[in-house]
Amino acid sequence: MAVEVVKVGVYDFPPYAFISNKTTGITVQMIAVMNKFQQKYEFVAVPTTARRRYSDFEKDKFDMMIFESKNWGWEKYPVAVSNTFVTGAEVYVTQKKPGRGQDFFSDFKNKAMVGVLGYHYQFAGFNAEQEYLEKNFNLLQTSSQKKSLELILNDRGEIAVLSKEYLKYHFAHSPEDKSKLLISNKFDQIYQHTILVRINSAVSPSYINKLLGEMEQKGILKPLWEKYGLEVNN
């Protein structure tokens with residue numbers, strides 16, 4: 001009997017997914033573990049972009065997304081949500097300068113904000129519309145978290161919103177940057193990571209919840225969470 005293929009949409013969202021010549025990241029590693037753990041479905045990564053993910057979903061290019069929140073523009077789409085299985089967070093980052101402290105993050109008015117095109121931020125009410133963000137928040141939109149961080153390091157923006165997990169990944173490769181940055185104590189958002197599944201697709205949310213539960217029980221995903229500094233949702 002042939003194994004049913006389930007296509008998983010993946011967009012550039014380091015360290016969860018890096019989209020280049022080859023798609024890598026936590027999502028791809030998790031897909032590999034899921035395929036090894038069960039034989040009913042074969043989960044396959046399908047690259048998309050943060051902005052294009054909704055139209056690609058409507059075109060049936062994929063039926064599932066991992067590390068995704070329904071709050072990120074999915075309210076009007078026929079998707080069901082798995083249990084939260086792990087948490088992450090986004091913080092505010094600025095260049096370290098004399099006299100600049102945590103109070104710098106208390107007000108975003110008249111500050112040059114930096115974010116990624118297509119990403120949803122809590123400070124903006126999860127509205128990812130380009131015009132809205134530029135008009136209301138003076139937000140410069142980049143193509144990646146890497147580009148956002150580069151702008152801050154080069155003093156071409158004042159505050160970027162970056163995931164704690166991306167910063168951990170970046171500092172592991174460029175530890176010298178840590179002393180150049182001031183990171184907020186407060187979060188923009190705490191990621192309640194879920195898996196979104198198209199309603200009435202081959203795989204059901206109940207199957208995904210059962211699979212996640214069994215994998216967690218056997219400690220299969222724990223090394224992945226620890227490697228990237230993610231916290232298990234209890």
Side-chain angles (χ1 to χ4, degrees), residues 1-88 118-120 163 165-166 169 190-234:
M1 188 175 155
V3 178
E4 187 131 27
V5 171
V6 175
K7 292 176 180 175
V8 183
V10 183
Y11 59 91
D12 195 68
F13 181 27
Y16 302 97
F18 298 84
I19 307 287
S20 55
N21 296 337
K22 190 182 176 189
T23 305
T24 58
I26 309 174
T27 303
V28 175
Q29 292 170 56
M30 187 169 169
I31 286 171
V33 173
M34 287 163 73
N35 285 336
K36 196 174 176 184
F37 188 78
Q38 54 77 54
Q39 280 72 48
K40 189 174 181 182
Y41 300 103
E42 183 189 354
F43 297 100
V44 177
V46 176
T48 182
T49 69
R51 286 192 84 192
R52 208 180 64 224
R53 66 196 196 263
Y54 313 102
S55 61
D56 279 354
F57 178 81
E58 287 183 312
K59 290 171 188 167
D60 294 327
K61 290 191 176 178
F62 59 84
D63 290 315
M64 197 170 111
M65 289 202 116
I66 303 174
F67 298 108
E68 191 74 358
S69 168
K70 199 168 181 180
N71 292 336
W72 298 346
W74 291 102
E75 295 86 354
K76 297 171 187 173
Y77 294 88
V79 290
V81 187
S82 77
N83 296 335
T84 302
F85 60 96
V86 78
T87 59
Y119 280 25
H120 293 72
S163 78
E165 297 72 48
Y166 175 70
Y169 166 84
I190 293 175
Y191 298 139
Q192 300 291 339
H193 284 308
T194 59
I195 294 177
L196 297 192
V197 182
R198 185 190 300 274
I199 291 169
N200 296 326
S201 65
V203 67
S204 68
S206 57
Y207 179 85
I208 293 296
N209 285 333
K210 184 171 174 281
L211 179 62
L212 289 171
E214 288 172 359
M215 289 169 83
E216 188 184 335
Q217 213 169 20
K218 296 196 173 174
I220 285 169
L221 294 169
K222 194 179 176 187
L224 195 54
W225 306 155
E226 288 176 347
K227 182 181 177 184
Y228 290 96
L230 293 164
E231 293 179 21
V232 176
N233 188 65
N234 295 315

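This structure is a prediction, so every number in the text was calculated from the model and none was measured. Values reported hereafter were calculated over all heavy atoms of this structure, with side chains retained and with hydrogens, waters and symmetry mates removed.
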Completion exercise
Taken to the nearest 0.5 Å, the spacing of Ser69 OG from Ile190 CD1 works out to 12.5 Å
Practice task
Fit a plane to each ring of Tyr119 and Phe13, take the angle between them on a 0 to 90° scale, and name the class: parallel (under 30°), tilted (30 to 60°) or perpendicular (over 60°).
Solution key: perpendicular
Handout entry: Shortest non-hydrogen contact between Glu42 and Val3, atoms and distance
Key = N-CG1, 3.4 Å
Practice task
Report yes if the distance between the aromatic ring centroids of Tyr54 and Trp74 is under 6.0 Å, otherwise no.
Solution key: yes
Practice task
For Ala80 and Ile199, work out which heavy atoms get closest and say how close.
Solution key: N-CG1, 3.8 Å
Practice task
Check whether any side-chain heavy atom of Val203 sits under 4.5 Å from a side-chain heavy atom of Asp63, and report yes or no.
Solution key: no
Problem - Heavy-atom side-chain proximity of Leu196 to Phe57 below 4.5 angstrom - result: no
Problem - Contacts of type side-chain hydrogen bond (donor to acceptor under 3.5 Å, both in side chains), residue Lys222, not counting sequence neighbours - result: none
Exercise for the section: May I ask you to check whether over 12 heavy atoms, not counting those of Gln217, lie within 6.0 Å of atom CD? Expected result: no
Practice task
Taking the side chain as every heavy atom from C-beta outward, state whether Leu212 and Asn83 have any atom pair closer than 4.5 Å.
Solution key: no
Completion exercise
For Asp56, the side-chain hydrogen bond (donor to acceptor under 3.5 Å, both in side chains) test, sequence neighbours excluded, returns Thr48, Arg52
Practice task
For residues Lys70 and Thr194, determine if any side-chain heavy atom of one lies less than 4.5 Å from a side-chain heavy atom of the other.
Solution key: no
Handout entry: Residue list, side-chain hydrogen bond (donor to acceptor under 3.5 Å, both in side chains) with Tyr207, at least two apart or on another chain
Key = Gln38
Completion exercise
Tightest non-hydrogen contact, residues Met64 and Ile208, listed as SD-CD1, 3.9 Å
Handout entry: Side-chain touch Ser163/Pro14, heavy atoms, less than 4.5 angstrom
Key = no
Exercise for the section: Could you give me the CA-CA distance, side-chain angles and deciding distance for Arg53 and Trp72, then say whether side chain to side chain contact (heavy atoms under 4.5 Å, CB included) is met? Expected result: CA-CA 11 Å; Arg53 66 196 196 263; Trp72 298 346; 3.6 Å; yes
Practice task
Heavy atoms only: give me the nearest Tyr11-Ala50 pair and the separation to one decimal.
Solution key: CB-N, 3.6 Å
Handout entry: Exam field: side chain Tyr41 to backbone Ala202, donor-acceptor pair closer than 3.5 Å
Key = yes
Fill in the blank from the handout: Distance col, row Met30:CE vs Thr27:OG1, nearest 0.5 angstrom, shows 8.0 Å
Handout entry: Check: Ile66 and Met34 side chains under 4.5 Å, non-hydrogen atoms
Key = yes
Exercise for the section: Pick out which of Leu221, Val86, Thr87 makes a side chain to side chain contact (heavy atoms under 4.5 Å, CB included) with Leu230. Expected result: Val86
Atom pairs and distances, donor-acceptor, side-chain atoms in residues 17-25, under 3.5 Å, two or more places apart:
from  : atom 1 : to    : atom 2 : distance (Å)
Ser20 : OG     : Lys22 : O      : 3.3

Fill in the blank from the handout: Tightest non-hydrogen contact, residues Ser201 and Arg198, listed as OG-O, 2.8 Å
Problem - Flag if over 12 foreign heavy atoms under 6.0 Å of CG, Asp60 - result: yes
Problem - Considering all heavy atoms, the nearest Ala45-Pro47 contact - result: O-CD, 4.0 Å
Problem - Phe67/Tyr191 aromatic ring centres below 6.0 Å - result: no
Practice task
Please identify each residue that fulfils side-chain contact (heavy atoms from CB on, under 4.5 Å) with Lys76, with sequence neighbours left out.
Solution key: none
Completion exercise
The reported gap from CD1 in Ile195 to OG1 in Thr84 (rounded to nearest 0.5 angstrom) is 10.5 Å
Problem - Under 3.5 Å side-chain donor-acceptor pair for Tyr16 and Glu68 - result: no
Exercise for the section: State whether Glu214 and Lys210 are salt-bridged, where the test is any N-O pair (Lys NZ or Arg NE/NH1/NH2 against Asp/Glu carboxylate O) under 4.0 Å. Expected result: yes
Handout entry: Partner residues of Tyr228 under the side-chain hydrogen bond (donor to acceptor under 3.5 Å, both in side chains) criterion, sequence neighbours left out
Key = Gln29
